[in-house]
Amino acid sequence: MTRLVLIDGSSYLYRAFHALPPLTNAAGEPTGALFGVVNMLRGHLKEKPEHIAFVVDASGPTFRDALYPEYKANRPPMPDELRAQIEPMMEIVAALGIPILREPGVEADDVIGTLALQAAEGGLEVTISTGDKDFAQLVRPRVALVNTMSGSRMESDAAVMEKFGVRADQIVDLLSLMGDAIDNVPGVEKCGPKTAAKWLAEYGSLDGVIAGADAIKGKIGDNLRAALARLPLNRELVTIKTDVALAQSPADLALRERDVEALRGLYARYGFNQALKELDGGAAAGAIAEKEPGVARGGGFVAAAVPASVEGLDPALSAPGEYETVLTDPQLSDWIAKLQAADEFAFDSETDSLDPMRANLVGLSFSVEPGKACYIPLGHDYPGAPGQLPRDAVLEALRPLLQDPAKKKLGQHGKYDLHVLRRHGIVVAGYADDTMLESFVLSAGIARHDMDSLAKRHLGYETIKYEDVAGKGAKQIPFSQVAIDDATRYAAEDADITLRLHRVLSPKLEAEPSLLSVYRDIEMPLVPVLARVEANGVMIDAEELRRQSAELSRRMLAAQQKATELAGRSFNLDSPKQLCALLFDELKLPALVKTPSGAPSTNEEALEAIADQHELPRVILEYRGLAKLRSTYTDKLPEMINPDTGRVHTSYHQAGAATGRLSSSDPNLQNIPIRSEEGRRIRTAFVAPPGRRLVACDYSQIELRIMAHLSEDPALLRAFAEGADIHRATAAEVFGKPMAEVSANERRAAKAINFGLIYGMGAFGLARQLGIGRGEAQDYIALYFSRYPGVRDYMERTRQQARDAGYVETVFGRRLALDYIHSRNASQRASAERAAINAPMQGTAADIIKRAMVRVDDWLADKRSASGESSALMILQVHDELVFEADEAFVPELLERVPALMADAAQLRVPLVVDSGVGMNWEEAH
DNA sequence: GGATGCCCTTA
DNA sequence: GTAAGGGCATCCG
């Protein structure tokens with residue numbers, strides 16, 4: 001069967017231009033769109049189609065312009081950087097031997113439509129390659145659609161139905177109803193793909209919908225009726241023609257010989273090194289290497305088109321797996337023997353809950369070689385479930401393996417499994433590798449680290465989703481109810497894929513010594529430590545919180561009554577929308593702040609700004625503060641007490657924040673209020689049990705100290721060496737007076753500058769923070785940099801590093817990739833620059849406290865009271881603070897040792913200082 | 001019931 | 001101006 005590939009050149013050029021960063025070659029010529037198109041073409045040529053064409057729009061009007069003068073009228077003019085890439089693109093296409101079609105007076109879409117049908121009728125297999133969904137209307141036998149950018153492929157009515165909810169022959173009607181903003185074709189207001197598909201399912205066709213329009217209820221029905229008159233025109237505009245007169249027929253479109261010399265020149269000129277290598281080395285056509293300069297920070301496009309790192313992958317790593325359900329003793333013995341013989345094995349547990357502190361074990365899976373894995377069901381209890389091996393006996397049989405520190409184990413987010421197994425009596429040792437953390441260390445800032453994403457990205461493998469076996473939403477069933485065959489496919493795959501991912505990710509880490517050490521020396525040792533901190537949990541005085549809730553309720557009610565009185569009517573104080581209408585429409589108060597979407601904001605800043613003109617804003621702020629405390633904290637925390645332990649157990653997410661910080665959820669114990677008086681009271685409910693105390697140890701000004709270390713600025717280093725109040729010292733420098741004469745206001749301004757520096761601020765932000773003019777803020781900043789030139793140089797160095805390498809690093813070598821550092825969108829770019837400034841400081845602080853946690857945990861390990869209980873437990877981490885619960889008698893030893901361990905967790909050019917406090921509750925200890 | 005917008009809490 | 005998680009309203013399916 002001969003094949004014809006029809007490439008929608010214009011569509012790809014535009015999409016690649018917008019999807020890729022503004023790459024340039026050595027001469028500074030823009031190459032981003034070109035790069036995307038060239039890789040797309042090489043992908044197609046790899047399939048060696050016999051016939052191929054690259055179709056582009058000719059200049060000049062077409063029949064659609066005649067039909068509808070506004071057609072495509074709101075398209076912005078082509079950017080110069082894109083226009084400059086068209087000629088080179090045509091040269092490369094020609095040199096590749098691909099026929100180019102450019103038909104005057106006919107849009108590329110119609111050329112493609114006509115050729116596709118002619119070819120299909122002539123018996124060719126046609127593939128239309130485009131980023132434009134409108135082409136779905138052409139899908140039929142022998143005509144398939146492929147989008148190399150999204151990686152999607154539609155070759156049948158069924159695929160169209162799956163994507164759009166209608167048949168291919170209904171696509172035109174669907175598009176007519178939806179309209180097309182890009183082409184300036186207005187559809188039915190508020191009618192998107194879902195609504196349009198629903199109507200077409202009901203009425204069969206556009207004509208059916210038009211005829212039945214009167215029966216459609218609601219606002220959307222009105223919208224439909226308002227649009228009725230233009231729907232027939234829409235249909236003409238969105239229909240791709242299949243009968244235009246063309247000079248060429250499919251037979252004229254044979255792929256020609258490529259001009260290697262011309263290609264060599266072009267590739268070299270535009271810096272397409274990988275393509276060049278393929279020309280010279282004769283490597284597989286279409287290969288795209290991940291290491292190609294520019295691609296690493298190119299991000300999405302290449303990864304989506306052809307998963308970049310899949311190239312050169314051992315085929316065994318992307319093949320389907322063979323999975324075994326272990327239901328008998330001999331099978332179990334077999335697998336235990338395999339695990340014993342393996343250097344390292346992957347494991348995964350299945351449970352009936354996402355909360356590792358409540359989950360019951362339902363099954364275990366293991367893998368020792370790619371493609372081979374087993375699932376041992378232990379707790380499937382649906383009616384008719386096959387007999388399973390007894391859970392406790394299986395765990396006993398596995399115990400020697402799981403608890404052997406010399407037996408290396410591998411998982412994906414294994415902290416969860418460590419919890420589950422510990423709660424079933426197995427304390428796993430030798431947990432050596434975690435694919436989530438491998439990915440986190442390798443590509444923080446550019447990738448997700450969940451298994452499904454990793455499998456797709458690194459193996460080109462589409463995993464079975466949890467929803468596929470257990471359903472979703474209200475209909476979701478617990479894993480114990482999932483049929484064992486389905487469970488095996490899902491669960492064994494998890495272990496299998498984990499092992500395969502490790503085979504791909506591990507060598508990448510080994511190749512980068514600094515990343516490897518972040519992974520080996522910081523992240524992996526932290527896993528069991530975090531598991532212990534989470535398992536320890538914190539004791540909460542639920543009664544105290546309930547009292548506070550009641551008190552807050554009373555005050556909220558009072559505020560609500562006052563607000564109703566002031567407004568002259570009742571309204572929902574929680575609704576920004578109603579508030580907006582009331583304050584800005586009815587009461588005509590000025591809307592001084594806008595939300596990101598452009599609506600008037602009712603946030604604190606906006607309300608403060610109008611608080612002198614009306615009493616209501618102040619009352620709303622009062623209500624908001626109280627409501628936040630109650631709903632988020634005093635009501636919620638008592639609900640989160642684990643019934644088994646009587647304590648609250650947060651989850652720390654180790655791959656959560658791109659800078660390397662931890663995040664905390666369920667509940668988040670890293671944002672417990674402290675600034676306001678009533679908020680701080682919540683901390684009195686974080687208590688120590690009788691005979692124990694809470695001890696809080698926090699790093700003082702750690703990020704500024706890191707800034708001093710990184711910038712090596714003499715004045716800053718000196719201030720820290722002398723142990724000065726850093727904000728006061730900054731004020732003294734900036735305002736040119738002795739420390740003792742710095743006013744409270746000057747110190748406040750200096751503090752704002754110091755914080756602003758850590759966040760990569762500009763004059764605008766500082767002005768806002770201090771409530772001063774931009775010019776004045778700029779003067780402060782200039783003054784600051786004149787006193788601390790080392791800091792100014794460091795900031796510029798960091799930006800430059802981010803631009804050159806596409807990433808920045810912490811003191812310990814952790815990297816954060818900055819995808820948007822070359823964005824042509826100035827605000828995105830500025831944002832990436834601020835992140836670049838902040839990440840080394842925030843990230844180094846995160847590295848330091850992580851190292852400290854491992855050391856402190858190790859020190860605490862054998863500290864026990866006479867009764868054998870731990871003398872002290874690490875119970876919380878809040879970015880620069882560690883909280884412990886300790887025997888009263890052990891507190892002095894803890895205070896002697898822990899702050900020192902924390903301070904010694906890094907050797908910087910300035911001392912690290914750790915403050916500590918002790919109390920019956922967290923508020924007192926702080 | 002799920003996604004999104006807005007607002008607010010922390011370091 | 002950096003980094004997070006989460007509650008409530010609202011819109012849509």
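In what follows, chains are A, B, ... by sequence order, proteins preceding strands, each numbered from 1. Everything quoted here is computed from the prediction, not taken from an experiment.
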Problem set entry | Donor-acceptor pair between A/Ser827 and A/Asn825 side chains, under 3.5 angstrom | yes

Exercise. Counting side-chain heavy atoms from C-beta on, which of B/dT10, C/dC8, C/dT10 comes nearest to A/Asp574?
Worked result: C/dC8

For this session: Starting from P on B/dT9, measure out to CG on A/Asp635 and report it in whole angstrom.
Result: 16 Å

Exercise. Just checking A/Ile672: base, sugar-phosphate only, or nothing, at a heavy-atom cut-off of under 4.0 Å?
Worked result: sugar-phosphate

Problem set entry | For atom NE2 of A/His653 and atom P of B/dA11, their distance in whole Å | 21 Å

Exercise. Which residue, A/Leu626, A/Leu573, A/Leu629, forms the side-chain contact (heavy atoms from CB on, under 4.5 Å) with A/Met556?
Worked result: A/Leu626

For this session: State plainly whether the residues A/Glu678 and A/Arg681 are in salt-bridge range, i.e. N to O under 4.0 Å.
Result: no

Exercise. Between C/dG5 atom C1' and A/Tyr652 atom OH, what is the distance in whole Å?
Worked result: 13 Å

Problem set entry | hbond_proxy A/Gln670 side chain to B/dT10 base (donor-acceptor, 3.5 Å cutoff) | no

Exercise. Can a side chain N or O of A/Gln877 be found less than 4.0 Å away from OP1 or OP2 on B/dA11?
Worked result: no

For this session: Using whole Å, report how far CD of A/Glu678 lies from C1' of B/dT9.
Result: 13 Å

Problem set entry | salt bridge (Lys or Arg N to Asp or Glu O under 4.0 Å) pairs, two or more places apart, involving residues 649-674 of chain A | A/Arg661-A/Glu703

Seminar exercise, completed: Testing C/dG5, C/dG7, B/dC8 for proximity to the side chain of A/Asn668, the answer is C/dG5

For this session: For residues A/Tyr788 and A/Tyr784, establish whether the separation of their ring centroids is below 6.0 Å.
Result: yes

For this session: Classify the nucleic acid contact of A/Ala658 as base, sugar-phosphate or nothing, counting any heavy atom under 4.0 Å across all strands shown.
Result: sugar-phosphate

Exercise. Just by distance, with hydrogens left out, do A/Glu544 and A/Gln548 show a side-chain donor and acceptor under 3.5 Å apart?
Worked result: yes

Problem set entry | Interatomic distance, A/Leu626 CG vs C/dC8 P [rounded to whole Å] | 14 Å

Seminar exercise, completed: A/Asp666 has its side chain closest, among B/dT10, C/dA3, C/dG6, to C/dG6

For this session: Rounded to the nearest angstrom, tell me the gap between atom CD in A/Glu467 and atom P in B/dG1.
Result: 16 Å

Exercise. For C/dG1, does OP1 or OP2 lie under 4.0 Å from any side-chain N or O of A/Asn838?
Worked result: no

Exercise. How would you label the contact of A/Glu703 with the nucleic acid (heavy atoms, under 4.0 Å): base, sugar-phosphate, or nothing?
Worked result: nothing

Exercise. Taking only N and O in the side chain of A/Arg675, is any of them less than 4.0 Å away from OP1 or OP2 of B/dA11?
Worked result: yes

For this session: Indicate, with a heavy-atom threshold strictly under 4.0 Å, whether A/Arg661 touches base, sugar-phosphate, or nothing.
Result: base

Exercise. Without hydrogens or angle criteria, can the side chains of A/Ser664 and A/Thr650 be said to hold a donor-acceptor pair below 3.5 Å?
Worked result: yes

Problem set entry | Letter per nucleotide, 5' to 3', of nucleotides 2-7 of chain B [B base touched, S only sugar-phosphate touched, - untouched; heavy atoms, 4.0 Å] | S--SSS

Exercise. Do the side chain of A/Thr810 and the main chain of A/Arg814 share a donor and acceptor less than 3.5 angstrom apart?
Worked result: yes

Seminar exercise, completed: Closest of C/dA9, B/dT9, C/dA3 to the A/Ser575 side chain is C/dA9

Problem set entry | Separation of C/dA3 C1' from A/Asn671 CG (nearest whole Å) | 13 Å

Exercise. Which part of the nucleic acid, if any, lies within reach of A/Ile674 when heavy atoms closer than 4.0 Å are counted: base, sugar-phosphate only, or nothing?
Worked result: sugar-phosphate

Problem set entry | Sugar-phosphate, base or nothing in reach of A/Phe764, heavy atoms under 4.0 Å | sugar-phosphate

Exercise. Over how many whole Å does the gap from A/Asp915 atom CG to B/dA11 atom C1' extend?
Worked result: 15 Å

